[in-house]
K.L.:
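Got a structure for you, written out below as structure tokens; questions coming shortly.
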Amino acid sequence: MIRSGRTLTHDQQHSCDLVIVGTGAGGGMLMAEAARAGLRVMALEEGHHLQARDFNQREREMIELLFQEAGARATEDGSVTVLGGRGLGGSTLHNTNLCKRAPAVVLEHWAEALGLDGWRPAALGPDFAAVEEQLHVSTIEPERVNANNQVLLRGMQALGWRGGLLQHNRRGCAASGFCELGCTFDAKENVVKVLVPEALAHGAEVWCECRVERVLLEQGRAVGVVARALGEDDRGPTLTVRARAVALAGSAIGSAALALRSGLPDPHDLVGKNLHLHPGAAVAGRFDVPIEGWMGIPQSVECTEWIDYLPGSPRRIWIVPAFAHPIGFAAMLPGFGAAHMRQLRHYRQVAVLVAMLHDESAGRVTVDRSGRAKIRYRLGDADARALGDGIAACARLLLAGGAREVWSPYGAKQPIRTDREAQALARAVRPLAPPLTAAHPMGTLPMAVDPRRGVSDGEGRWHGVPGLYVADGSLFPTSLGGPPQISIYTVGRRVARTVAGDLSR
Amino acid sequence: MVNPISRRRFLRRSLVGAALLAVAGTVGRHLSGYTIDERLRLRVLSPKQYLVLAAACRRLLAADEPGAVSVDEVETALSIDRYLAELPRELQRELAGLLELLEHTPFLFQLRPSRFSRLDAAAQDRVLEDWESSRLPFRRGCFQALKSLAMVGYYGDPRAYAVLDYTGPMIQR
Ligand SMILES: Cc1cc2nc3c(=O)[nH]c(=O)nc-3n(C[C@H](O)[C@H](O)[C@H](O)COP(=O)(O)OP(=O)(O)OC[C@H]3O[C@@H](n4cnc5c(N)ncnc54)[C@H](O)[C@@H]3O)c2cc1C
Ligand code: SF4
């Protein structure tokens with residue numbers, strides 16, 4: 001059953017085997033798998049229960065509806081905009097459906113450096129495969145590659161760079177191009193479409209519009225949570241859920257904030273640190289022909305020439321197309337006034353690529369007095385250099401793909417018309433003036449076998465607190481370097497197994 | 001997607017920013033001449049902040065370009081006020097402070113006995129250009145925040161799509 005905190009008129013108490021905070025990729029999968037394993041599961045979600053009929057493709061309205069802090073969440077210094085979802089399904093409601101397993105090099109590094117043997121590619125393979133099957137992951141058909149993505153393909157071909165078609169979890173996709181604003185056609189094989197029905201069929205109970213304020217600890221053990229029903233004034237009744245196990249799955253920002261608000265044991269001062277974001281810088285190219293980048297599947301092609309995933313490597317850039325609807329696009333273009341609007345008149349003829357950084361810089365989540373998450377993050381020099389290379393690479397790809405000129409908000413010289421000018425961008429971009437955009441927060445409650453190096457063990461158990469688990473992107477000890485959802489869904493699946501095993505003992 | 005608000009928390013973080021905000025608030029406290037139509041029913045901004053925002057939007061968006069719907073017709077500043085109502089209170093306060101700072105920038109930074117909303121268009125453009133290219137990160141941040149808000153208010157309205165040749169939603173709801 002799906003219920004709403006808005007229907008609560010007075011404080012209530014419930015009990016179950018497992019209570020889950022947050023219903024994104026990690027929490028959604030955990031909910032379905034734990035319910036299927038026979039546990040009595042309750043999941044609490046602060047956002048709304050939204051369905052295809054709620055998505056009207058209007059950018060402004062959907063940003064307010066679907067994103068944390070109405071899309072305005074950013075690092076404290078404003079240097080990185082941090083997008084995250086809010087609603088039953090979390091960010092899977094509005095993500096662009098790219099599916100890629102965590103790179104083998106990254107997983108091997110985790111095993112070697114942190115003793116996470118269960119995360120070696122061979123050990124994870126069956127879980128990845130099961131998740132991909134459940135979410136109907138397939139390779140995007142070449143005929144569905146839109147003009148913006150074709151530009152990247154042409155650019156890679158001309159430059160002889162590595163890359164190709166991506167995989168996704170869509171079925172019945174009308175190629176509308178509105179993925180980031182929610183899918184009107186219910187084509188996303190995500191938490192709401194695939195996992196919630198599965199969980200409900202096995203007796204799970206979901207409460208939306210309930211924000212978990214703190215985790216309850218008794219004698220060192222997690223025994224439940226206290227949530228607040230969200231109404232008009234955020235001062236609604238409370239919902240207390242007592243449970244044999246508690247799982248944090250509110251995303252790398254939300255889970256860390258909840259852990260801090262609850263004062264969860266953190267003897268080695270690790271909670272909230274080690275934040276990785278995959279910050280991205282967008283670069284636009286103007287063509288003589290229409291591109292209409294807002295139409296069609298937004299991202300179907302990747303360029304992997306500039307990433308090798310090796311720790312400490314200078315090549316840490318993953319490149320994909322990233323066209324935006326008008327608000328996002330207009331905010332990204334440099335300048336203002338008449339000149340800005342004249343550039344916008346070329347909107348139809350523009351293609352956009354983004355250089356996404358496999359970041360080694362680590363930020364930190366803290367909470368303010370009201371309990372709201374605050375994000376600190378500064379790019380280190382090596383990361384800034386890598387990003388500079390990535391911005392230059394995007395400009396080169398656009399020109400090689402046929403752009404007449406390139407606009408980068410990160411370089412002084414505008415517009416860029418030659419490969420030589422594009423290459424020079426790598427050095428011209430520091431310091432990064434306009435904000436970067438990040439959609440993949442990770443790592444704030446990292447796992448490691450050694451409690452001095454990680455908050456949780458390799459199976460998501462919080463070190464030293466029986467009954468407490470982490471089941472979202474917070475667990476990753478480093479950045480992934482690519483789309484994280486498949487790996488986070490896999491976290492949910494593994495933690496479900498762990499909780500079911502632990503509770504049956 | 002690009003965040004509609006960016007670079008704004010610098011004001012809290014930076015001592016210079018905090019000091020400037022305090023001064024801007026004090027300078028402006030006793031100034032009058034900010035009256036608006038009461039029917040607007042602002043949710044977050046004061047009449048003064050609303051008028052400063054409206055003036056900034058007119059310059060940031062230059063919607064006097066041929067074929068573009070005007071900033072006032074779209075009620076850009078009012079639309080931004082509605083958007084701000086969806087944000088956490090702390091953020092609302094910071095953005096309102098930013099508008100106070102913009103209004104008193106001519107006095108605080110150029111020692112001119114004037115206010116942003118009273119300057120002519122060319123002088124307003126110069127203030128915004130100064131902010132955009134400032135060596136002080138917090139002023140550049142102010143500019144980005146203001147610009148992003150203007151884009152939310154203006155390009156969030158389907159009437160603004162014409163200039164982009166953007167087809168907009170495929171469905172009518
Ligand atoms: C615009 C965008 C595009 C993306 N595209 C892709 C893509 O193509 N491929 C890919 O792999 N990844 C993509 N991602 C990232 C991916 O969607 C996320 O990494 C993933 O969903 C994170 O899963 P999670 O479980 O950690 O958290 P989330 O999915 O963010 O879910 C967390 C949920 O917890 C809720 N919550 C938080 N705190 C509380 C609390 N205290 N009480 C109750 N509820 C709470 C939140 O409201 C939210 O619904 C994208 C992300 C964005 C923003
Ligand atoms: S492109 Fe496909 S998945 Fe994305 S919103 Fe449109 S129909 Fe839905």
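So that the names make sense, note that chain A is the first sequence line, chain B the second, and so on, each numbered from 1.
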K.L.:
Mind checking ring-ring contact (aromatic ring centres under 6.0 Å, His included) for A:Tyr377 and listing every partner two or more places apart, or none if nothing turns up?
P.N.:
none
K.L.:
Go through B:Gly153, B:Pro169, B:Ser79 and name the one with the most non-hydrogen pairs under 4.5 angstrom from chain A.
P.N.:
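Winner by heavy-atom pair count: B:Pro169.
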K.L.:
Please indicate whether B:Arg82 has more than 12 foreign heavy atoms, meaning atoms of other residues, nucleotides or ligands, lying under 6.0 Å from its CZ.
P.N.:
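Counting other residues, nucleotides and ligands, CZ of B:Arg82 exceeds 12 neighbours.
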K.L.:
May I ask you to name which of B:Val163, B:Leu128, B:Leu164 has the most heavy-atom pairs under 4.5 Å with chain A?
P.N.:
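Result: the option with the highest number of such pairs is B:Leu164.
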K.L.:
Can you say whether A:Pro334 sits under 4.5 Å from chain B via the side chain, the backbone, both, or neither, judging by heavy atoms?
P.N.:
backbone
K.L.:
Between A:Glu69 and A:Arg86, does any NZ, NE, NH1 or NH2 come within less than 4.0 Å of an OD or OE carboxylate oxygen?
P.N.:
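Looking at A:Arg86 and A:Glu69, the cut-off is not met.
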K.L.:
Heavy-atom distances under 4.5 Å only: say whether B:Glu132 touches chain A with side chain, backbone, both or neither.
P.N.:
side chain
K.L.:
Name the atoms and distances for all side-chain donor-acceptor pairs under 3.5 Å in residues 323-333 of chain A, with sequence neighbours left out.
P.N.:
from: A:His325; atom 1: ND1; to: B:Tyr166; atom 2: OH; distance (Å): 2.6
from: A:His325; atom 1: NE2; to: A:Gly177; atom 2: O; distance (Å): 3.1

K.L.:
Report which part of B:Ser133 has an atom under 4.5 Å of a heavy atom belonging to chain A: side chain, backbone, both, or neither.
P.N.:
neither
K.L.:
Between B:Ser70 and B:Asp72, do the side chains contain a donor N or O and an acceptor N or O under 3.5 Å apart?
P.N.:
no
K.L.:
Could you look at B:Asp157 and say if it's the side chain, the backbone, both or neither that has a heavy atom under 4.5 Å from chain A?
P.N.:
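Neither part.
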